[in-house]
Number of protein chains: 2
Amino acid sequence: MAALTDPQAAAWNSYQRMRVRLSGVLGRELAAATGLSEADFDVLVAVNERPDETVRSLALRCGLEWEKSRLSHQLRRMEQRGLITREACEEDSRGSAVRLTERGRELACQARKHYDAAVKRYVMDSLTPEQIAALTEISGILLDRIEITHR
Amino acid sequence: MAALTDPQAAAWNSYQRMRVRLSGVLGRELAAATGLSEADFDVLVAVNERPDETVRSLALRCGLEWEKSRLSHQLRRMEQRGLITREACEEDSRGSAVRLTERGRELACQARKHYDAAVKRYVMDSLTPEQIAALTEISGILLDRIEITHR
DNA sequence: CCAGATTAGTTGATGCGTCAACCTTGTCGT
DNA sequence: ACGACAAGGTTGACGCATCAACTAATCTGG
């Protein structure tokens, strides 16, 4: 009479454990290697990937799929630590623009290398190409499912 | 020269998006249905599944794989909200024991139903049995990989 | 038996994430 | 033009998670 069958519960349990532990080790390695949190990393990489000097907070927010207050808090902390600077936005005086500091740019590159290497080491090297494809497919299906019912 | 090939990067991106969005909707539904956070839920279920009246914090901590300070903070908040009570531990006077309040027990059951139903609806109903098996296998492999290098 | 090391748990500080309230600026219908 | 409404962003409060420092009780070797 349970909502989940045994194999379903097993899948959910191992997924949950994997998810927690994986993001734990990745976050820890990133912090040890660069002093950055995953939130810092996401922002730095997103800004750095842009060709322009500066990026609008709005664009950042859409790219990251973050709430506006989350980005605002995060940018404040990153500005305090000297990773970014913020300037007024030309096109829309409500907006703001983000620019990486030199240190921010450096750390973005370093962190990218470390992070990708860790993902490769912990995840990709452990799975067959078929399993990687299955993971992509499963994630895509679940994403679609969520998108459909929440929009 | 990137650390990840295209299919690998695709897998990682969709996994990451799925992970964030899924835990978002599940947490939100749980909160809407019961007023509980996932942390509350984990604790309530863990305690409720025990046959005994009370559970030692230590046992809880091991079962949940939580840090001791995390559990301590969480229990303090849950005690304040009337979900649990704490008593001295008989066997070891350093320890403490956790007991569910009536309200805690009720919520644990309700929450379990809601949560399992949501997992079924968002995840299990969207995947084939083969995909569910693949998810279990992949998670198990990654878990093992992490266990091996971190212990 | 006792001194030193472990272990259970608490506390405080800090970063992260969400929500609701708010301010400013743009937009659009009339 | 102007008034209502929407959108960009900030702020404050709170819960969650981690780290380091601490207290107190237990264990262990000698």
Side-chain angles (χ1 to χ4, degrees), chain A residues 19-32 34-44 54-98, chain B residues 19-32 34-44 54-98:
Chain A
R19 175 178 79 80
V20 169
R21 290 195 143 270
L22 182 58
S23 85
V25 300
L26 291 180
R28 230 166 280 263
E29 293 210 359
L30 185 63
T34 64
L36 297 173
S37 68
E38 289 182 279
D40 296 332
F41 175 65
D42 290 342
V43 171
L44 287 185
T54 69
V55 187
R56 277 203 61 170
S57 291
L58 179 57
L60 217 45
R61 209 170 95 199
C62 294
L64 293 167
E65 301 184 295
W66 279 15
E67 302 218 347
K68 56 186 180 178
S69 70
R70 178 179 179 184
L71 184 59
S72 181
H73 286 306
Q74 183 66 35
L75 292 179
R76 174 180 41 76
R77 290 187 296 258
M78 292 178 73
E79 193 171 24
Q80 282 171 357
R81 280 180 293 154
L83 300 173
I84 60 158
T85 59
R86 280 190 284 185
E87 341 182 330
C89 174
E90 298 161 4
E91 321 136 39
D92 186 335
S93 41
R94 289 171 301 183
S96 74
V98 178
Chain B
R19 175 179 79 80
V20 169
R21 290 194 143 272
L22 182 57
S23 86
V25 299
L26 291 180
R28 230 166 282 262
E29 292 210 358
L30 185 63
T34 64
L36 297 174
S37 68
E38 289 183 278
D40 296 331
F41 175 65
D42 290 342
V43 171
L44 287 184
T54 69
V55 186
R56 278 203 60 170
S57 291
L58 180 57
L60 217 43
R61 212 169 93 200
C62 295
L64 293 168
E65 301 184 296
W66 280 14
E67 301 218 349
K68 58 187 180 177
S69 70
R70 179 179 179 186
L71 184 60
S72 181
H73 286 305
Q74 183 67 34
L75 292 178
R76 173 179 42 74
R77 288 187 297 260
M78 292 178 73
E79 192 172 24
Q80 283 171 355
R81 279 180 293 154
L83 299 173
I84 60 158
T85 58
R86 280 191 284 186
E87 340 183 330
C89 174
E90 298 162 1
E91 319 136 41
D92 185 336
S93 39
R94 289 171 301 183
S96 74
V98 178

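Below, chains carry the letters A, B, ... as their sequence lines are ordered, and counting in each starts from 1. Any value given below was found using the heavy atoms of this structure, including those in side chains, with hydrogens, waters and symmetry copies removed.
- A:Leu60 places its CG atom 20 Å from the P atom of D:dA7, with the value rounded to the nearest Å.
- Shortest non-hydrogen contact noted between A:Gly95 and A:Arg56 is CA-NH2, 3.6 Å.
- Summarising the geometry of A:Ala97 relative to A:Ala88, their closest heavy-atom pair is CB-O, 4.3 Å, with the distance given to 0.1 Å.
- Qualifying side-chain hydrogen bond (donor to acceptor under 3.5 Å, both in side chains) partners for B:Ser57, counting only residues two or more places apart in sequence or in other chains: B:Ser96.
- When the side-chain nitrogen and oxygen atoms of A:Arg86 are compared with OP1 and OP2 of D:dT10, one or more of them lie within a distance under 4.0 Å.
- In this structure, B:Arg61 reaches the sugar-phosphate backbone alone: every heavy-atom distance under 4.0 Å involves primed, P, OP1 or OP2 atoms, never a base.
- Applying the side-chain hydrogen bond (donor to acceptor under 3.5 Å, both in side chains) rule to pairs touching residues 60-70 of chain B yields A:Arg17-B:Glu65, sequence neighbours excluded.
- Under the side chain to side chain contact (heavy atoms under 4.5 Å, CB included) criterion, A:Arg76 pairs with A:His73, A:Gln80, A:Arg86, sequence neighbours left out.
- Among residues two or more places apart in sequence or in another chain, the salt bridge (charged side-chain N to carboxylate O under 4.0 Å, His left out) test is passed with A:Glu38 by none.
- Going from atom CG of A:Leu58 over to atom C1' of D:dA7 covers 9 Å, rounded to whole Å.
- The footprint of chain A on DNA chain C, defined by a heavy-atom cutoff below 4.0 Å, extends from C:dG15 to C:dG26.
- Taking every heavy atom of both residues into account, A:Leu36 and A:Leu83 meet most closely at CD2-CD1, 4.0 Å.
- Here B:Ser72 lies in heavy-atom contact (under 4.0 Å) with a base.
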Please encode protein proximity along nucleotides 13-21 of chain D as a string of B, S and -, counting only heavy-atom distances under 4.0 Å.
B-SBSBBB-
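- Nearest heavy-atom pair across B:Arg81 and B:Gly35 is NH1-O, 4.4 Å.
- Between the CD atom of A:Gln80 and the P atom of D:dT11 there is a distance of 10 Å, given to the nearest Å.
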